[in-house]
Amino acid sequence: LPAKYREDDARIDVLYAAYNRHYAEVYMHTDTTYDGIPALIEQLKGKYPLAVNSNKQDEFVTELVDNLVPRGVCRIARGQRPGAKAKPDREVTLALCGELGAEPTECALIGDSHVDIRTAKNAELFSVGVSWGYRPEVLRDEGADRIVDRPEELLALFPPLA
C-alpha cells in the first residue's frame, strides 16, 4: 500500500477482503509447476521429509499442493491460519521442523522471496533461494546461503538420506 494508507486499518481490511475474494476465484487457475519441478519431485520422493510453508491461506495451500504434487511427497502443507504468525516469524517454521521430526539445523528452507530467506534465517535453517521465482534479485541481498538457477541444482546441495 502507499505509505499514506499503511496505518488505515479500515482500508486495509477492505482491501484484504477484496484480495481474499479474488484469490478464492483464481488460485486454482494454476495447474502446472515450474519447468523441472515434476522431475525434481520424483527424485526427492521418499528421500527427504518435505513440507510446504506458505503465507497464503491454509485452505488454498492444501488444495494447491494436493493438485500439483503427487500424494505422499509432502508430509505437511501449511498455509496461514487464524491466530498463527506469518513468515518471516519463526514460530510456524520451527513447528513444522518438529512435526517432521527434525532439528532446525537439519532442515533447509527453499524459497523465492526475501520473506522466505528471512524466515530461514530467523529459524536458523539453511536458506536456499531459487532464482526462477518471484523476485530473484532480493535473494542475495537477503543473505541466502545458496542460490540455485535450476531445480536439478537442488539435488547437489543435499546428500542422500540413509
Side-chain angles (χ1 to χ4, degrees), residues 19 22-81 84-162:
Y19 164 80
H22 176 72
Y23 194 73
E25 293 174 13
V26 302
Y27 78 99
M28 282 308 296
H29 290 185
T30 299
D31 61 358
T32 60
T33 60
Y34 288 109
D35 289 341
I37 296 298
L40 174 68
I41 288 171
E42 279 303 311
Q43 291 182 302
L44 293 176
K45 190 165 50 176
K47 295 181 181 170
Y48 298 92
L50 302 175
V52 172
N53 182 11
S54 176
N55 277 349
K56 291 180 175 62
Q57 297 91 326
D58 189 61
E59 63 272 17
F60 301 141
V61 171
T62 303
E63 191 169 348
L64 279 168
V65 170
D66 284 347
N67 283 295
L68 296 174
V69 179
R71 289 223 181 261
V73 172
C74 288
R75 289 191 190 169
I76 306 163
R78 183 84 26 85
Q80 185 61 42
R81 295 175 173 189
K85 295 180 180 177
K87 295 185 300 182
D89 187 87
R90 61 189 263 144
E91 180 180 298
V92 171
T93 302
L94 292 176
L96 285 172
C97 293
E99 288 180 58
L100 291 173
E103 294 296 322
T105 55
E106 300 173 307
C107 296
L109 193 151
I110 301 166
D112 66 352
S113 74
H114 70 286
V115 172
D116 294 321
I117 303 306
R118 193 171 299 160
T119 302
K121 298 293 182 188
N122 289 344
E124 299 179 16
L125 275 64
F126 185 74
S127 61
V128 181
V130 297
S131 66
W132 60 83
Y134 171 60
R135 289 181 52 205
E137 69 275 6
V138 301
L139 302 172
R140 185 164 280 106
D141 294 343
E142 198 61 45
D145 293 313
R146 296 285 188 281
I147 298 174
V148 298
D149 298 316
R150 296 182 317 278
E152 59 271 17
E153 291 178 60
L154 291 168
L155 294 172
L157 291 178
F158 306 105
L161 294 177

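Every value quoted in this text rests on a predicted model; they were computed, and no experiment measured them. Nothing fancy with the numbering, it's 1 onward along the sequence.
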Is the closest side-chain heavy-atom distance between [X] and [Y] below 4.5 Å?
| X | Y | result |
| --- | --- | --- |
| Pro136 | Asp112 | no |
| Pro151 | Trp132 | yes |
| Met28 | Leu64 | yes |
| Val148 | Ser131 | no |

So, taking the atom named [atom1] in [X] and the one named [atom2] in [Y], what distance separates them when rounded to the nearest 0.5 Å?
| X | Y | atom1 | atom2 | value |
| --- | --- | --- | --- | --- |
| Asp145 | Leu139 | CG | CG | 11.5 Å |
| Leu44 | Leu155 | CG | CG | 5.5 Å |
| Arg146 | Ile117 | CZ | CD1 | 12.0 Å |
| Cys107 | Glu124 | SG | CD | 12.0 Å |
| Leu154 | Ile110 | CG | CD1 | 5.0 Å |
| Glu152 | Gln43 | CD | CD | 8.5 Å |

Nearest heavy atoms of [X] and [Y], plus distance in Å:
| X | Y | answer |
| --- | --- | --- |
| Cys74 | Val52 | SG-CG2, 3.8 Å |
| Gly79 | Asp58 | N-OD1, 2.8 Å |
| Thr62 | Ala77 | OG1-O, 3.9 Å |
| Val138 | Ser113 | CG2-C, 4.2 Å |

Quick check against the 3.5 Å criterion: does [X] have a side-chain atom that pairs as donor or acceptor with the backbone of [Y]?
| X | Y | result |
| --- | --- | --- |
| Gln80 | Ala84 | yes |
| Lys121 | Gly143 | yes |
| Asp89 | Lys85 | no |

Exactly one candidate in Thr119, Asp116, Asn55 meets side chain to side chain donor-acceptor pair (under 3.5 Å) with Lys87; the answer is Asp116
Would you check, one step at a time, whether the test side-chain contact (heavy atoms from CB on, under 4.5 Å) holds for Ile147 with Val128?
CA-CA 6 Å; Ile147 298 174; Val128 181; over 6 Å; no
Without hydrogens or angle criteria, can the side chains of Tyr27 and Gln57 be said to hold a donor-acceptor pair below 3.5 Å?
no
Looking at Arg150 and Asp35, is any side-chain nitrogen of the basic one under 4.0 Å from a carboxylate oxygen of the acidic one?
no
Table please: side-chain donor-acceptor pairs of residues 90-104 below 3.5 Å, with sequence neighbours left out.
from, atom 1, to, atom 2, distance (Å)
Arg90, NH1, Asn122, O, 2.8
Thr93, OG1, Asn53, ND2, 2.9
Glu99, OE1, Arg78, NH2, 3.2
Glu99, OE2, Arg78, NH1, 2.9

Parallel, tilted or perpendicular: rings of Phe158 and Tyr48 (30°, 60°)
perpendicular
